[in-house]
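Order of the sequence lines fixes the chain letters, A, B, ..., with proteins taken first and strands second; residue numbering starts at 1 for each chain. Not measured: the values here are computed from a predicted model.
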Number of protein chains: 2
Amino acid sequence: MSGFKRVEPIRIPVPQLNQHHRHVLIRKLDRLIPLAEIDASALANLSVGMRQVGPRTDLLHEGDTPDEVILMLDGFAARCKFQPTGKRQILAHLLPGDLCEPDAGYLSRLDFSVCTLSACMVAFISRRALASTLERYPATAHALRLVKLQEEAISREWLVNVGCRSALERMAHLLCELLVRLQAVGFATRDGYGLPITQQDLGDTLGLSNVHVNRTLKVMRDQNLVEWRGRQLKILDLSRLQVIAAFKLGYLHSTAGHDILAQ
Amino acid sequence: MSGFKRVEPIRIPVPQLNQHHRHVLIRKLDRLIPLAEIDASALANLSVGMRQVGPRTDLLHEGDTPDEVILMLDGFAARCKFQPTGKRQILAHLLPGDLCEPDAGYLSRLDFSVCTLSACMVAFISRRALASTLERYPATAHALRLVKLQEEAISREWLVNVGCRSALERMAHLLCELLVRLQAVGFATRDGYGLPITQQDLGDTLGLSNVHVNRTLKVMRDQNLVEWRGRQLKILDLSRLQVIAAFKLGYLHSTAGHDILAQ
DNA sequence: CGGAGCGTTGAGCGAAGTCAAGATGTGTGG
DNA sequence: CCACACATCTTGACTTCGCTCAACGCTCCG
């Protein structure tokens with residue numbers, strides 16, 4: 001609940017994104033709306049520096065007005081808000097391929113923090129460079145607008161999650177969502193993915209206590225729905241998980257997952 | 001819970017917005033970021049038709065791809081999502097001066113509905129006309145981007161509400177938020193406003209049952225925090241309400257309320 | 001005058017929270 | 001490679017907040 005470290009990210013400068021990593025974002029956009037080669041290489045040419053960041057580290061602080069956009073390359077991070085009581089609410093998960101605060105107005109201050117949940121590989125892109133790329137490549141700009149729409153749809157779904165659904169339903173819904181999102185960037189197999197976060201993190205995401213998260217996971221385990229060991233989540237019965245969650249793929253506006261998830 | 005009417009809005013065409021009503025949006029934007037006369041009159045000249053709509057009526061349906069933007073002139077409406085179980089989650093309140101789905105991509109379908117909570121006066125603005133106005137008047141476009149940021153901040157706060165706060169805290173927070181938002185468009189006095197919605201609506205907003213909303217209101221009444229009779233909400237002890245809610249004005253990025261609410 | 005919708009209140013229940021203790025796992029330094 | 005410390009997970013016992021069901025009152029409106 002409380003006691004999250006507020007440490008400055010350890011920035012280990014790395015000269016340039018390599019092929020593999022730069023493709024995380026491109027792959028994601030291309031999957032959403034096919035990207036011309038010219039747009040893909042414009043994105044690839046954005047001069048950025050990679051950095052390795054430890055878990056439970058603040059990437060952006062509430063009150064900041066960041067002048068860099070963060071691109072997630074590996075690992076899990078989250079937008080979060082802390083309450084005076086010490087409680088934390090996670091507002092969104094930032095997965096590989098996600099851009100963090102591309103449209104945080106230059107004027108406005110952040111009313112939330114961004115912190116890593118696991119160890120992460122991130123890239124810091126100059127806000128100015130990104131803006132000018134988007135001006136010159138409208139198709140890319142359009143793709144990012146779609147990403148934004150998708151993010152908004154996800155946060156709507158999260159509100160429904162905590163507002164209307166039981167613990168089991170919430171958990172099932174989140175696990176389905178993560179499967180689809182991670183598949184879209186090639187970070188998930190057909191039936192599982194790396195989930196390098198704590199049960200506490202899950203609780204702060206779903207509005208549940210860590211203890212109840214644990215019990216809910218036990219139910220899922222006992223019902224042969226999922227298996228989660230050594231940071232690897234394996235989904236044993238996706239269709240039943242989907243039914244429990246009332247998970248509709250449509251809201252993600254994604255072409256990922258269509259092959260394995262029933263509409 | 002269930003049983004919401006899905007009726008087509010009764011559209012009573014009215015030739016043109018009159019001075020009073022067209023000022024709702026302009027007043028709101030001007031309060032956020034001072035608007036030049038040329039921008040104000042561009043907005044005022046958007047040709048629109050007013051319509052009176054009854055309570056519990058769908059303005060937009062899940063799955064629609066609307067080609068008109070709705071401007072709220074009077075009354076309360078809401079974005080909502082319905083669950084297979086019949087439960088409803090309200091995602092946002094639409095108050096006078098609010099534009100409804102100005103950036104629903106032409107491509108995407110709505111994954112939620114928009115329905116009136118009270119009787120409303122609304123205007124339907126052609127999406128094309130609005131877009132062209134925004135192209136020609138960048139200051140207005142900028143103001144709408146700020147509105148968008150504000151809406152996002154509100155929905156983040158709502159997630160915190162249902163995820164972290166007790167019933168009393170949630171309710172207090174919502175009542176504070178509505179006070180500030182309604183003041184920004186001149187629909188609230190210093191200590192109260194018209195709140196023409198049902199306790200069920202409040203419950204669907206806050207993730208509470210209607211019965212528990214009622215009990216929570218009783219507590220507030222007994223503690224001389226608020227009084228709510230005949231659709232008029234009167235706030236008796238704003239500062240205590242604010243403390244209970246841990247309500248911070250900052251997140252609204254608004255200049256309204258600064259005179260009466262402590263930062 | 002009757003009905004419908006909304007508000008109010010009580011009683012009982014159940015889901016999730018809290019507290020606490022022990023088990024398991026992981027990373028670090030010697 | 002081991003030992004130790006610390007974080008995380010797991011489970012039990014108990015509490016509590018909010019839900020459900022149900023009855024009744026009020027108010028508005030036809």
Separation of atom [atom1] in [X] from atom [atom2] in [N], rounded to whole Å:
X: A/His212; N: C/dC19; atom1: NE2; atom2: P; value: 17 Å
X: A/Leu206; N: C/dG17; atom1: CG; atom2: C1'; value: 15 Å
X: B/Arg170; N: D/dC17; atom1: CZ; atom2: C1'; value: 10 Å
X: A/Gln200; N: D/dC9; atom1: CD; atom2: P; value: 9 Å
X: B/Met220; N: C/dT8; atom1: CE; atom2: P; value: 14 Å
X: A/Met171; N: C/dA15; atom1: CE; atom2: P; value: 16 Å
X: A/Ile197; N: D/dC9; atom1: CD1; atom2: P; value: 9 Å
X: A/Asp204; N: C/dG17; atom1: CG; atom2: C1'; value: 14 Å

Salt bridge (charged side-chain N to carboxylate O under 4.0 Å, His left out) for A/Asp111 and B/Arg156? Distances and angles first, verdict last.
CA-CA 9 Å; A/Asp111 55 8; B/Arg156 282 192 289 271; 3.1 Å; yes

Five pairs per end, C1' atoms only: what is the angle between the end axes of the helix from C/dC1-D/dG30 to C/dG30-D/dC1, to 10 degrees?
40°

Select one nucleotide: of [options], the one nearest the side-chain heavy atoms of [X].
X: B/Ser209; options: D/dT10, D/dT20, C/dA16; answer: D/dT20
X: A/Val211; options: C/dC6, D/dC19, C/dA20; answer: C/dA20
X: A/Thr198; options: D/dC19, D/dT8, D/dA13; answer: D/dT8
X: A/Gln199; options: C/dG7, D/dC19, D/dT10; answer: D/dT10
X: B/Leu208; options: D/dG18, D/dT10, C/dT8; answer: D/dG18

Heavy-atom distance under 4.5 Å between the side chains of B/Phe82 and B/Lys87, does that happen here?
no

Quick check for you: to the nearest 0.5 Å, what is the distance between [X] atom [atom1] and [Y] atom [atom2]?
X: B/Arg56; Y: B/Ser118; atom1: CZ; atom2: OG; value: 10.0 Å
X: B/Phe112; Y: B/Glu101; atom1: CZ; atom2: CD; value: 3.5 Å
X: B/Asp204; Y: B/Cys80; atom1: CG; atom2: SG; value: 8.0 Å
X: B/Ile235; Y: B/Asn224; atom1: CD1; atom2: CG; value: 14.0 Å
X: A/Leu236; Y: A/Leu225; atom1: CG; atom2: CG; value: 7.5 Å

Between A/Arg56 and D/dT8, does any side-chain N or O lie under 4.0 Å from OP1 or OP2?
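Yes.
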
Below 4.0 Å: OP1/OP2 of C/dT8 and any side-chain N or O of B/Asn214
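So the side chain of B/Asn214 is within the cut-off, an N or O lying under 4.0 Å from OP1 or OP2 of C/dT8.
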
What about B/Arg215, does its side chain sit under 3.5 Å from the base of D/dT20 through a donor-acceptor pair?
yes

Once you apply a heavy-atom cut-off of 4.0 Å, does B/Gly207 come out as touching a base, just sugar-phosphate, or nothing?
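The answer is sugar-phosphate, as B/Gly207 gets under 4.0 Å only of primed atoms, P, OP1 or OP2.
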
Sugar-phosphate only, base, or nothing, as touched by A/Leu217 at under 4.0 Å among non-hydrogen atoms:
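Nothing, no heavy atom under 4.0 Å.
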
Specify the residue among A/Arg231 and A/Ser166 whose closest nucleotide of DNA chain C lies further upstream toward the 5′ end.
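By nearest-heavy-atom nucleotide position, the 5'-most residue is A/Ser166.
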
A/Gly203 backbone acceptor or donor facing A/Thr205 side chain under 3.5 Å:
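Checked: no pair found.
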
